[in-house]
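Reckoned from all heavy atoms, side chains included, excluding hydrogens, waters and symmetry mates. Predicted model, so just to flag it, every value in this text is computed and none were measured. Lettering of chains follows the sequences in order, A, B, ..., and the numbering in each one begins at 1.
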Amino acid sequence: MIRAIVVAGYIVIVLVAIGTELYARRKPGNVAPLGEMLEHVMESRTTRVGIIAAWWWFGWHFAFADTVQIEL
Amino acid sequence: MASFQAWRGTWVDATLFYALSAMLLIDRLTRGRLFIFKKHIVAPKWLTITVTGSLALVLVIAPRHSIYDLIAFIFIGITVLLLAWEPAPDREKPPHHALMRSAVMWSILAVALCLWEALAFILSVTTPNGVENFPTISVLLDPFVESLGGRIAFVGLWLAAGLSLLRVWSKK
């Protein structure tokens, strides 16, 4: 039951993200689509390098690095 | 993020995040005056497709956590960092309020995902049967990425997202 709630949390966030992008593509004058927003914020080198680094780390973390579980 | 990675014992990730933060701080302090290349880099599309395809092949075929995997990730990391450092070309923009709404919305979603994941991780290591009850994204994705089909899908989507971010398709 608890596991289902945790997984549902991830799914809700993904669904809201998809919904946001669909709305943005229908009404780009109200909410800019993700691609255009990224182009805008990535004009700053700091943001651009930060976002690219986040993308790289996402691949590194899920496709290469071992899953770490610590004991507290 | 760097401190969180240090706390959970992933020293490579923590080092990468601390190094990146330091680099961006130096860039801010020097007001963006640091340049790696004098000219803007424009890769021909055939070269981009060949290199990306080769890397995808390595990432799919090479055993997970192997040295080949590691070399491919380091190569990708250095290449995208060099490309990301260069200035972006000017483009037409949507209205400012639409950009701000979008930025706020996606920031909230990103923070929500990070907090949910961090909460799951903390509870997974502090409660009995925590890994089973509070799975992190890594725990959920691991079986998928371990399979060949899952690995092809993950590597394909990840590289496509990277290419989109670098906007190489809009260059010649």
Side-chain angles (χ1 to χ4, degrees), chain A residues 1-21 23-25 27-72, chain B residues 8-10 12-13 16-17 20 23-24 27-28 32 59 64-65 69-70 73 76-77 80-81 83-85 87-88 91 93-95 98-99 101-103 105-106 109 112-113 116 120 124-126 131-142 145 151 154-155 158 161-162 164-167:
Chain A
M1 178 62 183
I2 298 172
R3 183 184 171 90
I5 293 170
V6 174
V7 173
Y10 294 125
I11 293 171
V12 166
I13 293 169
V14 171
L15 289 178
V16 173
I18 292 169
T20 301
E21 183 59 11
Y23 177 80
R25 283 171 188 245
K27 306 265 185 186
N30 287 342
V31 178
L34 178 63
E36 297 194 20
M37 183 274 288
L38 284 175
E39 275 180 14
H40 174 64
V41 296
M42 285 171 77
E43 283 176 8
S44 150
R45 181 191 280 164
T46 307
T47 315
R48 186 165 63 249
V49 173
I51 289 173
I52 292 286
W55 162 81
W56 179 85
W57 180 80
F58 188 82
W60 161 272
H61 181 70
F62 291 108
F64 178 76
D66 282 313
T67 300
V68 173
Q69 286 294 336
I70 57 173
E71 292 286 334
L72 294 181
Chain B
R8 75 188 200 102
T10 48
V12 175
D13 291 3
L16 288 170
F17 277 109
L20 184 70
M23 198 173 73
L24 293 177
D27 181 48
R28 278 280 156 154
L59 291 176
R64 205 174 164 205
H65 317 304
D69 230 14
L70 177 65
F73 270 108
I76 292 170
V80 295
L81 183 64
L83 291 172
W85 200 261
R91 288 163 182 274
K93 295 175 190 171
L99 288 168
R101 278 192 198 130
S102 180
M105 193 65 204
W106 284 102
L109 284 167
L113 186 64
W116 194 252
S124 74
V125 295
T126 53
V131 177
E132 181 60 29
N133 286 331
F134 301 99
T136 57
I137 299 173
S138 306
V139 170
L140 291 170
L141 279 185
D142 252 358
V145 181
R151 200 161 169 77
F154 183 87
V155 168
W158 180 69
S164 301
L165 284 175
L166 290 171
R167 288 177 291 181

Contact origin within B:Leu141 toward chain A - heavy atom pairs under 4.5 Å: side chain
Reported CG-to-CD1 distance for the pair B:Leu109 and A:Ile18, which is rounded to 0.5 angstrom: 11.0 Å
Test item: B:Asn133 and A:Val6 side chains (from C-beta on) under 4.5 Å apart, heavy atoms: no
Check: B:Phe73 main-chain N/O paired with A:Trp56 side-chain donor or acceptor under 3.5 Å: yes
Close side-chain approach of B:Glu132 to A:Ile2, heavy-atom, < 4.5 Å: no
Contacting moiety of A:Leu38, where chain B heavy atoms sit under 4.5 Å: side chain
Residue, of A:Asn30, A:Ile13, A:Val7, A:Ile51, that accumulates the most heavy atom pairs under 4.5 Å with chain B: A:Asn30
Aromatic ring pairing B:Phe154/A:Phe58, orientation class (parallel under 30°, perpendicular over 60°, tilted between): parallel
Separation of B:Ser102 OG from A:Glu21 CD (nearest 0.5 Å): 7.5 Å
Any donor-acceptor pair under 3.5 Å from B:Arg101 side chain to A:Val31 backbone: no
Heavy-atom pair count under 4.5 Å with chain B, highest-scoring of A:Val14, A:Leu34, A:Val16: A:Leu34
Under 4.5 Å from any heavy atom of chain A - which part of B:Leu140: side chain
Side chain A:Trp60, main chain B:Leu70, donor-acceptor under 3.5 Å: no
Per-residue contact mode, A:Ala24 against chain B (heavy atom under 4.5 angstrom): neither
Ring pair (Phe, Tyr, Trp, His ring centres under 6.0 Å) partners for B:Phe134, two or more places apart: none
Results of ring pair (Phe, Tyr, Trp, His ring centres under 6.0 Å) for B:Trp106 - residues two or more places apart only: none
Top contributor to chain A contacts, counting heavy-atom pairs under 4.5 Å, from B:Pro95, B:Ala120, B:Ala112, B:Gly77: B:Gly77
Choice from A:Pro28, A:Gly29, A:Ala4 maximising heavy atom contacts with chain B below 4.5 Å: A:Gly29
